[in-house]
Engineer: 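Mind having a look at this structure? Questions to follow.
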Amino acid sequence: MPCGIIKNVLILFDQDGIMPGKANSLEKEYKAKEVEEKWVKTWKEDMYFFDWNSKKPHFIIDTPPPYPTGSFHIGNALNWCYIDFIARYKRMKGYEVLFPQGWDCHGLPTEVKVEEIHGIKKSEADRDEFRKLCIKFTEENIEKMRKTMKRLAFSIDWSKEYITMYPEYYTKTQISFVRMYKKGLIYRGYHPVIVCPRCETTIALAEIEYKKGLTNLNYIRFGDGENSIVIATTRPELIPACVAIAVNPEDKRFKDKVGMKIKVPLTDYEVEVIEDEDVDPEYGTGAVMICTFGDRQDVKWWKKHNLELRIILDRNGKLNEKAGKYAGMNVREAREAILDDLAKEGRLLKQETVEQNVGVCWRCKTPVEIIAEVQWFVKIDRKKALEAARKVKWIPEHMLSRLESWVEGMEWDWVISRQRIFATPIPVWYCKKCGEVVVAEEEWLPVDPTKDKPKKPCKCGSEEFEGEKDVLDTWMDSSITPLAITGWPYDWKDFDYPVSLRPQGHDIIRTWAFYTILRSISLVNRIPWKEIVINGMVLGEDGRKMSKSLGNIIQPDEVIEKYGADAMRQWAATGVIGSDVIFTWKEVIAASRFQQKFWSVIRFTHSHLMGERVEKADLRIADRWILSKLAKLVKSVNEFMDKYRFDETLKAIRSFTWYEYADNYLEIVKNRLYSGEKHERDAARFVLYTVADTLIRLIAPITPFLAEECWSVINGNGSVHLSSYPEPEEYEKYIDEEAEKSGELMKEIVAGVRRLKHEKGLALNAPVKLVKIYPSLKIDERDVAGALNAKVEVLSEMPDVEVRIKEIKPDFSVLGPMFRDKVKEIIKAIEKMSEEEKWKLIREGLKVEIGGELIELKPEWFKAVTEKVVSGKVVDVLEIGETIVFVEF
RNA sequence: GGGCCCGUGGUCUAGUGGUUAUGACGUCGCCCUCACACGGCGAAGGUCCCCGGUUCGAAUCCGGGCGGGCCCA
């Protein structure tokens, strides 16, 4: 079909040999998934490698090491998006950015999962074997999560990855332990732990479930005669563990008992009656016995009043020799025996049934017990920690008060030992002969004291040691991340410490943030970071926390699969830092629509540039108007990004791109681009390039894939992510207040005429004969004419406008009942009136003769429809500020 | 029980002492105009939770109440 081809060529080329807006080689639809997958494969990992020797200013981010569960959840995604926005922005702003990635591997959930998968119990498994299984499981999980992270385009320096379960990392944890021990900041002491008597293991708070049940509240008389008091308890079996009796200080009933020593029944010792405002006077008799330990309230009182420790219960749930004749019984047996004995002595006065919430082991549903064991502690210097915390800049500021109120209310030191397997070993041995505590020397590390031996004998000469079986709390690993990523301790880049930024969620302010501050000041006496930025949690579409039971969980992979990573990232950007964010598909869909819009703009731009760049241009009003707006956009986007206000950033970019640039500027210059003179067109083409190039770079941190794809269309080679961020100073030259006002006016004129067509029920492309404008500012009539597709005349003088009554509309609901059959004649009479009479009727009323009768017509019965006439032609008039527009259809 | 945050058109959301309160989605009209129908143009829709106070003026500040959320106990 040679004819067809020739015909096409003739149409496509204009006199300059360029094809304006035709033969677009680019896909009409922006296929996010295809584009994104292409760039994931194309991008080189070393794009984001960090160099300590770089002369650029350094920006180091102490990123959170997630727990490798195997799925990178949406909360992680939100947090990492924020981090990546910052990292990419700072990189483009000329910083050498370190965006490391760590994995906080140790912990109970993995142990539980491994037990489940392999059908084993860690208490029976070989320690070493069990640990290996945990490592393997964790490695697989990390790999899965890495994949999602790469797909989301996080600009991580993977060469700096750290994994806390590997010796390279946990050696650092052990060194930190040794150093703090040597400074006297770590010690051993008794501390309550929660155990499941059936599993015979320590369990964490998180592993406790609560069960409602009924139990007896027993009223028991302690002591005799004067020195007696009646207490109520649900745990009579713990009487041999009683260390005090407490009453409320406000309770007048016991005023004379306070300070008194009272004998504990069935034992041979006495305890003191003390006061505490936590005692509920309404419960039981208002007097309670404090035991070590019946529940967590007991632990609190025990610490607060510095009471004696009397442990009568062992790990296996049996009473020990301290319980006297009850030794060897389990809790239930002891309870019966003790109640029996109390009854015999006449001390059991009353029993009543009460409801009770019992903590049970999540696995076997056995009620848990609290016992005390020797644990390792980190000393907490609250004052120093608070001072340090206040030196860090908190974003948002109010998050600091969460830490403050937490620290101020802390009741005891940080217990760092755990009775588990998969964790960093505590590098300590105990001499079997003299009991000496031998802490590893730094150069022996890493060690596992359950396998390794100290490299020198004990002070007493013995070489027989018992290795510490307890391991460290996971927070001991993760609370040194800022130190670890800066090479501490042997290759420490202290010039980059404190690091620039810690991004994290508000759920772990009291743990991760607090412990990191504590450890940093303990180890190197410096704050860990200059700034901490707190992100919110992700809530489900129903506004509630995502949870399996509510069925409102959304996985990032699902979002990526449906709308792509950039859409997901835009959703993340719509959140306000520090606030919880609701996940909504609507937002993701809106984001992907914006991508399509952005792509269409780029496609349009490309079709008018075809790789050419216009260097010099004779800019017209509209061009200067949009460039001035662009300059202001650049300025505010920089400000928003500096404040980590990604929501404002994205909103500003979106509304400029969509509502200023695409809807208005492009519509105004289209005519110039398609059928203008070369210089007219080039001015627009210059703007087209400048705006596209700027917008691509502005949005690059948020939507890296879209930006890269568009960059390759507009700029060809290289990567937008290695380019520079638009700086406000570079754009200052475009700021032009006068052009902005004129541009706005032109926009208003075009919009006004469009609205007029709409009101008249005309199609928007309906022809307009003539538009006459009496402008208050300079306008570009060529562009206005082009945009309106009409002839435009700019008037230098305000023409005479005659207002005529076109029609008079009577209010029939008044006239009808009043004049009945005469109404028709009244209408006829009005129609016959002269212009002058009609005006009189509308303004002050008029008397008319109908059928020989004089009738007075009142003005409020009528409405006038007027029309305006200029030079004898009927026109529509628009008033835009001081500007008057006459439109002739 | 403690700490913190929040309460703005149907839904979600921005905002902050001062003229007609932002945007998105949804709804309702009109339009397949040569970048985009995942589009364009236009419209309707709000006691800015309630009550008091400060102020010339409060959605915005203060106090109280009600409701929701998160973290911790």
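In what follows, every chain begins at residue 1, and chains take the letters A, B, ... in the order their sequences are listed. From a predicted model like this one, the values you see are computed outputs, not experimental measurements.
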Engineer: So, for A/Phe646 and A/Phe640, is the gap between ring centers shorter than 6.0 Å?
Structural biologist: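 They do not qualify: ring centres at least 6.0 Å apart.
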Engineer: Please list all pairs passing the salt bridge (charged side-chain N to carboxylate O under 4.0 Å, His left out) test where one or both residues lie in residues 397-406 of chain A, with sequence neighbours left out.
Structural biologist: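 The answer is A/Arg390-A/Glu404.
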Engineer: From C-beta outward on A/Gln596, which listed nucleotide comes closest to its side chain: B/C36, B/G40, B/G69?
Structural biologist: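 From the listed options, B/C36 comes nearest.
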Engineer: Given atom CD1 of A/Ile589 and atom P of B/A24, what is their separation to the nearest angstrom?
Structural biologist: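 Distance, rounded to whole Å: 16 Å.
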Engineer: Using OP1 and OP2 only, check whether a side-chain N or O of A/Tyr659 sits under 4.0 Å from B/U22.
Structural biologist: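 False: A/Tyr659 side-chain N/O out of range (4.0 Å or more) of B/U22 OP1/OP2.
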Engineer: Let me know, please, whether A/Leu539 or A/Thr584 comes out on the 5' side of the other along RNA chain B by nearest nucleotide.
Structural biologist: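 Comparing both residues, the 5'-ward one is A/Thr584.
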Engineer: Of A/Val601 and A/Met537, whose nearest nucleotide on RNA chain B comes first from the 5' end?
Structural biologist: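 Closest to the 5' end, via its nearest nucleotide, is A/Val601.
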Engineer: Determine the Euclidean distance between corresponding C1' atoms of B/C62 and B/G17; express it in Å to zero decimal places.
Structural biologist: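 The same atom, C1', in both gives a distance of 13 Å.
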Engineer: Is it true that the side chains of A/Gln504 and A/Trp512 contain a donor and an acceptor less than 3.5 Å apart?
Structural biologist: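 Absent: no donor and acceptor within the cut-off.
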Engineer: How far does the C1' atom of B/C71 sit from the matching atom of B/C61, given to the nearest Å?
Structural biologist: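 Here B/C71 and B/C61 have their C1' atoms 28 Å from each other.
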Engineer: I'd like the C1' distance from B/C6 over to B/C49, given in whole Å.
Structural biologist: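 Approximately 11 Å lies between the C1' atom of B/C49 and that of B/C6.
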Engineer: Going by an N to O cut-off under 4.0 Å, is there a salt bridge joining A/Lys33 and A/Glu36?
Structural biologist: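 No, no charged N to carboxylate O under 4.0 Å.
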Engineer: If you look at every strand shown and take non-hydrogen atoms under 4.0 Å, does A/Glu404 touch a base, only sugar-phosphate, or nothing?
Structural biologist: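 No contact.
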Engineer: Which base, if any, makes a Watson-Crick or G-U wobble pair with B/G67, both distances under 3.5 Å?
Structural biologist: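 Check on B/G67: paired to B/C6, both distances under 3.5 Å.
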Engineer: Can a salt bridge be assigned to the pair A/Arg685 and A/Glu612 using a cut-off of 4.0 Å between side-chain N and carboxylate O?
Structural biologist: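 Counted as a salt bridge, because a side-chain N and a carboxylate O are separated by less than 4.0 Å.
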Engineer: Could you check how far NZ of A/Lys300 sits from P of B/G1, rounded to whole Å?
Structural biologist: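 Going from A/Lys300 (NZ) to B/G1 (P), I get 14 Å.
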Engineer: Taking atom C1' in both B/G15 and B/C48, what distance in whole Å separates the two?
Structural biologist: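 Roughly 11 Å separates the two C1' atoms.
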Engineer: Pick from A/Ile626, A/Asp682, A/Val669: which one makes a side-chain contact (heavy atoms from CB on, under 4.5 Å) with A/Val687?
Structural biologist: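 The single option meeting the side-chain contact (heavy atoms from CB on, under 4.5 Å) with A/Val687 is A/Ile626.
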Engineer: Would you say A/Arg754 places a side-chain N or O within less than 4.0 Å of OP1 or OP2 belonging to B/C31?
Structural biologist: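 Answer no for this pair, as no side-chain N or O of A/Arg754 is under 4.0 Å from OP1 or OP2.
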Engineer: Quick one: A/Leu756 CG to B/A43 C1', roughly how many Å, whole number?
Structural biologist: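 Checked: the CG to C1' distance equals 16 Å.
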Engineer: Is it true that a side-chain atom of A/Glu748 and a backbone atom of A/Gly752 form a donor plus acceptor pair closer than 3.5 Å?
Structural biologist: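 Not confirmed, A/Glu748 side chain does not pair with A/Gly752 backbone.
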Engineer: Under a 3.5 Å cut-off for both distances, is B/G39 Watson-Crick or wobble paired, and to whom?
Structural biologist: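 Paired with B/C31.
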Engineer: A/His191 vs A/Phe377 aromatic rings, parallel, tilted or perpendicular, using cut-offs 30° and 60°?
Structural biologist: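 Because their plane-to-plane angle is over 60°, the rings of A/His191 and A/Phe377 count as perpendicular.
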Engineer: What integer distance in Å separates A/Glu709:CD from B/C36:P?
Structural biologist: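 To the nearest whole Å, that distance equals 17 Å.
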Engineer: So which nucleotide does B/G45 pair with, by the Watson-Crick or G-U wobble rule with both distances under 3.5 Å?
Structural biologist: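 Pair assignment: B/G45 / none.
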Engineer: Do the side chain of A/Lys28 and the base of B/C36 come within less than 3.5 angstrom through a donor-acceptor pair of N or O atoms?
Structural biologist: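 Not at all, since no donor on one side and acceptor on the other fall under 3.5 Å apart.
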Engineer: Checking only heavy atoms, does the side chain of A/Glu29 share a donor-acceptor pair with the base of B/C36 at less than 3.5 Å?
Structural biologist: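 Looking at the base of B/C36, it does not pair with any donor or acceptor on the side chain of A/Glu29 (distance under 3.5 Å).
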Engineer: Among B/C36, B/G40, B/G42, which nucleotide sits nearest the side chain of A/Ser600?
Structural biologist: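 Per side-chain heavy atoms of A/Ser600, the pick is B/C36.
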Engineer: In whole angstrom, give the distance that lies between atom CD of A/Glu660 and atom P of B/G40.
Structural biologist: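 These atoms are roughly 14 Å apart.
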Engineer: Please give the nucleotide sitting opposite B/A21 as a Watson-Crick or G-U wobble pair, both distances under 3.5 Å, or none.
Structural biologist: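 With both distances under 3.5 Å required, B/A21 matches none.
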Engineer: Please work out whether the ring planes of A/Trp585 and A/Phe583 are parallel, tilted or perpendicular, with thresholds of 30° and 60°.
Structural biologist: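 Correct class here is perpendicular.
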Engineer: Distance between the P atoms of B/U27 and B/G10, in whole angstroms?
Structural biologist: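 Nearest-Å result for B/U27 against B/G10 at atom P: 15 Å.
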Engineer: Which value, in whole Å, describes the distance between the P atoms of nucleotides B/C41 and B/C66?
Structural biologist: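 Rounded to whole Å, the distance is 48 Å.
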Engineer: Got a donor-acceptor contact below 3.5 angstrom from the A/Gln595 side chain to the A/Ala567 backbone?
Structural biologist: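 Indeed, once roles are kept as given, a pair shorter than 3.5 Å links the two residues.
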Engineer: Could you tell me how far B/G57 sits from B/U11 if I compare only their C1' atoms? Round to whole Å.
Structural biologist: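 32 Å, rounded to whole Å.
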Engineer: Could I get a table of every N or O pair under 3.5 Å where one atom is in the protein and the other is in nucleotides 2-10 of chain B?
Structural biologist:
unit_1 : atom_1 : unit_2   : atom_2 : d
B/G3   : O2'    : A/Ser405 : OG     : 2.9

Engineer: Got a sec? Which of residues 640-656 of chain A come in under 4.0 Å of RNA chain B, heavy atoms?
Structural biologist: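 A/Arg645, A/Glu648, A/Lys651, in order of number.
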Engineer: Taking the inter-plane angle between the rings of A/Tyr515 and A/Trp414 on a 0 to 90° scale, is it parallel (under 30°), tilted (30 to 60°) or perpendicular (over 60°)?
Structural biologist: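 Rings of A/Tyr515 and A/Trp414: parallel, as their planes differ by under 30°.
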Engineer: Looking only at atom P, what distance separates B/G46 and B/U33, rounded to whole Å?
Structural biologist: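 Between the two P atoms, the distance is 35 Å.
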